[in-house]
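Working notes, structure below.
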Amino acid sequence: MAEIRLGSQTPTQSVTIPYKKTLGQEAADLYAKTGNELLEWQQLLQCDIMAINEEGIWVHQKYGYSVPRRNGKSENVLARCLWGLKNGERILYTAHRATTSHAVWERLNRMCEKANIAIESSFKAFGKEHLYAQGGAVIEFRTRTSSGGLGEGYDLLIIDEAQEYTEAQETTLKYIVSDSRNPQTIMLGTPPTVVSAGTVFVKYRETVLSGRGFDSGWAEWSVPHQMPADDVESWYETNPSLGTILTERKIRAEITTDDIDFNIQRLGLWLQYNQKSAISRTEWEALKASSKPKLEGKIFVGIKYGHDGQNVAMAVAVKTKDKKIFVEAIDCRPIRAGNTWILEYLSAMKPETVVVDGANGQQVLADEMKDAGLKKPELPTVKQIITANTLFEQELSGGDITHMNQPSLTQAVSNSKKRAIGSNGGFGYQSIKEGVEIALLDSVILACWKCATSKEKKKQKVSY
């Protein structure tokens, strides 16, 4: 009989404070009484989470871990909760969804009976579930809000679905374990997707992996950059339960045309930006020019054909005397109206560089520009588009962009969010409001990129 291949039982990245003693095996043994056993990777993780020092204090006062979906990451906190109920702890279990916390309450209620943990009170009202054990131990289940848990005290705080954990929620919850003699907070989840609202999990990971964590631990199973969805080796590297509760057949059925989502949810990819971030109207309007700026230098043009094939937008960028970049949207018209208006503008402006992006129109425009005797445009690569977006964000943050607050452009900018592009965590923008054309912003970004990276030609000096 052929040996069954297993996924990697050790994390691809982890930070563990050295320890000599752990209560993790006690928790694993208690969990085994419920009729199941922790897998090898889960046992190793349990020992790290429940490591103690000579005084019996948790080595990791905070511990976070990220595992791709359906690998069984919740089993570790179930084992931790069983141990806590057995040993008199007060526990608060929180989740982003009410259905998640309710499902955990149902499982733990059944497991307590099998583990010989006497429950004096079990309350199942949706959103207010609890289990009270003999000896004073208690676990309460809550859906996270900005005020949930306020004024209450616990020994253990569990943050499930941590990718949705917001700073407003953390402000309330992080203090509820402060009065405990031996507090611990555990966060578990997956990397954030394009619809995830939380930022705490991302920042915690960055802090611990950079060596700036205090009494903190971390473990993750992840790929360092985007991988092809059919790369079986990356499946085994990032899914520790592959070969046990997961199979190649199950994963193969998950493959779709959305490689980014597959990489995030199945391969544990952490994108290098906050996907929920957007340019606020306040931030954009703060860069409005108080009067008509004094321009100097050449004109750079950005043209973007929209992703949906509906519209094409054009914008310009010019350097100002005070070393800023002035940007302005020229127009946005239906693609079916043709490119004549664009050619007329270009002929009149005589720009230094024209950048055209959008597979559904760029080559047609390039051919028409050639026939009109205009300078050949630049057709950027995906890598260059990523560079342009990154540079625009930097110029924006540095206050190096100025504009006249055109209503249409302001609407596009202030109704945008980031989207993943490329294979290495790059980003672009997309609209978050129906009817807002993001091509306006994209065209500005293209023009700004060429303007910012252009170099002034130095006049040659001749002396005798």
- Task: Take Arg181 and Glu55 through the salt bridge (charged side-chain N to carboxylate O under 4.0 Å, His left out) test and state the conclusion after the steps.
- Result: CA-CA 11 Å; Arg181 185 191 70 85; Glu55 287 79 38; over 6 Å; no

- Query: Given the rule in the side chain to side chain contact (heavy atoms under 4.5 Å, CB included) test, do Phe123 and Glu129 qualify, once you have shown the distances and angles that lead to the verdict?
  - Reply: CA-CA 5 Å; Phe123 190 61; Glu129 300 90 341; over 6 Å; no

- Message: Working note: Lys304 + Glu437, criterion salt bridge (charged side-chain N to carboxylate O under 4.0 Å, His left out); need CA distance, chi angles, decisive distance, verdict.
- Response: CA-CA 11 Å; Lys304 173 65 178 181; Glu437 181 53 79; over 6 Å; no

Is a side-chain donor or acceptor of [X] paired with a backbone partner of [Y] at a separation under 3.5 angstrom?
| X | Y | answer |
| --- | --- | --- |
| Thr22 | Met50 | yes |
| Gln163 | Thr190 | yes |
| Thr402 | Leu287 | yes |
| Asn360 | Gly306 | yes |
| Ser454 | Cys451 | yes |
| Trp105 | Leu131 | no |
| Asn239 | Leu242 | no |
| Ser216 | Phe214 | yes |
| Glu75 | Gly72 | no |
| Asp400 | Leu396 | no |

If you measure from the Lys or Arg side-chain nitrogens to the Asp or Glu carboxylate oxygens, is any gap between [X] and [Y] under 4.0 Å?
| X | Y | value |
| --- | --- | --- |
| Glu140 | Arg142 | yes |
| Asp155 | Arg90 | no |
| Arg69 | Glu254 | no |
| Glu170 | Lys203 | no |

- Task: Would you please test Glu220 and Ser222 for side-chain hydrogen bond (donor to acceptor under 3.5 Å, both in side chains) and show each step?
- Result: CA-CA 6 Å; Glu220 71 177 59; Ser222 65; 2.5 Å; yes

Rounded distance (nearest 0.5 Å) linking atom [atom1] of [X] with atom [atom2] of [Y]:
| X | Y | atom1 | atom2 | value |
| --- | --- | --- | --- | --- |
| Leu173 | Thr94 | CG | OG1 | 6.0 Å |
| Asn71 | Ile245 | CG | CD1 | 6.0 Å |
| Leu391 | Gln384 | CG | CD | 12.5 Å |
| Cys47 | Gln42 | SG | CD | 12.0 Å |
| Cys81 | Ile117 | SG | CD1 | 10.0 Å |
| Leu82 | Leu30 | CG | CG | 5.0 Å |

- Task: Report the C-alpha distance between Ser121 and His130 in whole Å, list the side-chain angles of each, state the deciding distance to 0.1 Å, and finish with yes or no for side-chain hydrogen bond (donor to acceptor under 3.5 Å, both in side chains).
- Result: CA-CA 8 Å; Ser121 173; His130 73 230; 3.0 Å; yes

- Message: Walk me through whether Trp218 and Phe201 qualify under ring-ring contact (aromatic ring centres under 6.0 Å, His included).
- Response: CA-CA 11 Å; Trp218 176 263; Phe201 202 40; 5.2 Å; yes

Heavy atoms from other residues, nucleotides or ligands near [atom1] of [X] exceed 12 (cutoff 6.0 Å):
| X | atom1 | result |
| --- | --- | --- |
| Arg5 | CZ | yes |
| Glu248 | CD | yes |
| Asp179 | CG | no |
| Tyr175 | OH | no |

Any non-hydrogen side-chain atom of [X] less than 4.5 Å from a side-chain atom of [Y]?
| X | Y | value |
| --- | --- | --- |
| Gln25 | Gln43 | yes |
| Thr166 | Thr199 | no |
| Lys174 | Gln169 | no |
| Pro68 | Trp221 | yes |
| Met111 | Arg107 | yes |
| Arg80 | Gln184 | yes |
| Gln226 | Ile260 | yes |
| Phe262 | Leu267 | yes |

- Query: Are Trp284 and His403 an aromatic pair by the rule of ring centers under 6.0 Å?
  - Reply: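 Yes, the ring of Trp284 comes within the 6.0 Å limit of the ring of His403, centre to centre.
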
- Looking only at heavy atoms, which two atoms of Ser280 and Ser414 are closest? And how far apart?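 Ser280 and Ser414 have their closest heavy atoms at C-CB, 4.4 Å.
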
- Item | Identified side chain to side chain donor-acceptor pair (under 3.5 Å) counterpart of Glu161 within the set Arg144, His96, Arg97 |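 Testing Glu161 for a side chain to side chain donor-acceptor pair (under 3.5 Å) against Arg144, His96, Arg97 leaves exactly one candidate, Arg97.
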
- Message: Between Arg249 and Thr247, do the side chains contain a donor N or O and an acceptor N or O under 3.5 Å apart?
- Response: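 Looking only at side-chain atoms, Arg249 and Thr247 do not form any donor-acceptor pair under 3.5 Å.
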
Is NZ or CZ of [X] both nearer than 6.0 Å to the six-membered ring centre of [Y] and within 45° of the ring axis?
| X | Y | result |
| --- | --- | --- |
| Arg205 | Trp270 | yes |
| Lys450 | Phe300 | no |
| Arg419 | Tyr429 | no |

- Task: Apply side-chain hydrogen bond (donor to acceptor under 3.5 Å, both in side chains) to Asn415 and Ser431, showing your working.
- Result: CA-CA 6 Å; Asn415 285 284; Ser431 175; over 6 Å; no

Contacts under 3.5 angstrom, residues 56-64 side chains, donor-acceptor by atom type, not counting sequence neighbours:
| from | atom 1 | to | atom 2 | distance (Å) |
| --- | --- | --- | --- | --- |
| Trp58 | NE1 | Asn182 | O | 3.4 |
| His60 | ND1 | Asp48 | O | 2.9 |
| His60 | NE2 | Ile17 | N | 3.0 |

- Item | Chi angles and distances behind the side chain to side chain contact (heavy atoms under 4.5 Å, CB included) call for Ile421, Asn389 | CA-CA 11 Å; Ile421 60 174; Asn389 286 314; 4.1 Å; yes

- Item | side-chain contact (heavy atoms from CB on, under 4.5 Å) partners of Lys21, counting only residues at least two apart |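 Lys21 satisfies side-chain contact (heavy atoms from CB on, under 4.5 Å) with Ile52 only.
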
Using atom types as modelled, flag every donor-acceptor pair under 3.5 Å from a side chain in residues 440-449 to any protein atom, sequence neighbours excluded.
| from | atom 1 | to | atom 2 | distance (Å) |
| --- | --- | --- | --- | --- |
| Ser443 | OG | Ala439 | O | 3.3 |
| Ser443 | OG | Leu440 | O | 2.8 |

- Tyr93 vs Phe141, ring-ring contact (aromatic ring centres under 6.0 Å, His included): CA-CA, chis, key distance, verdict: CA-CA 5 Å; Tyr93 189 106; Phe141 301 83; 5.7 Å; yes

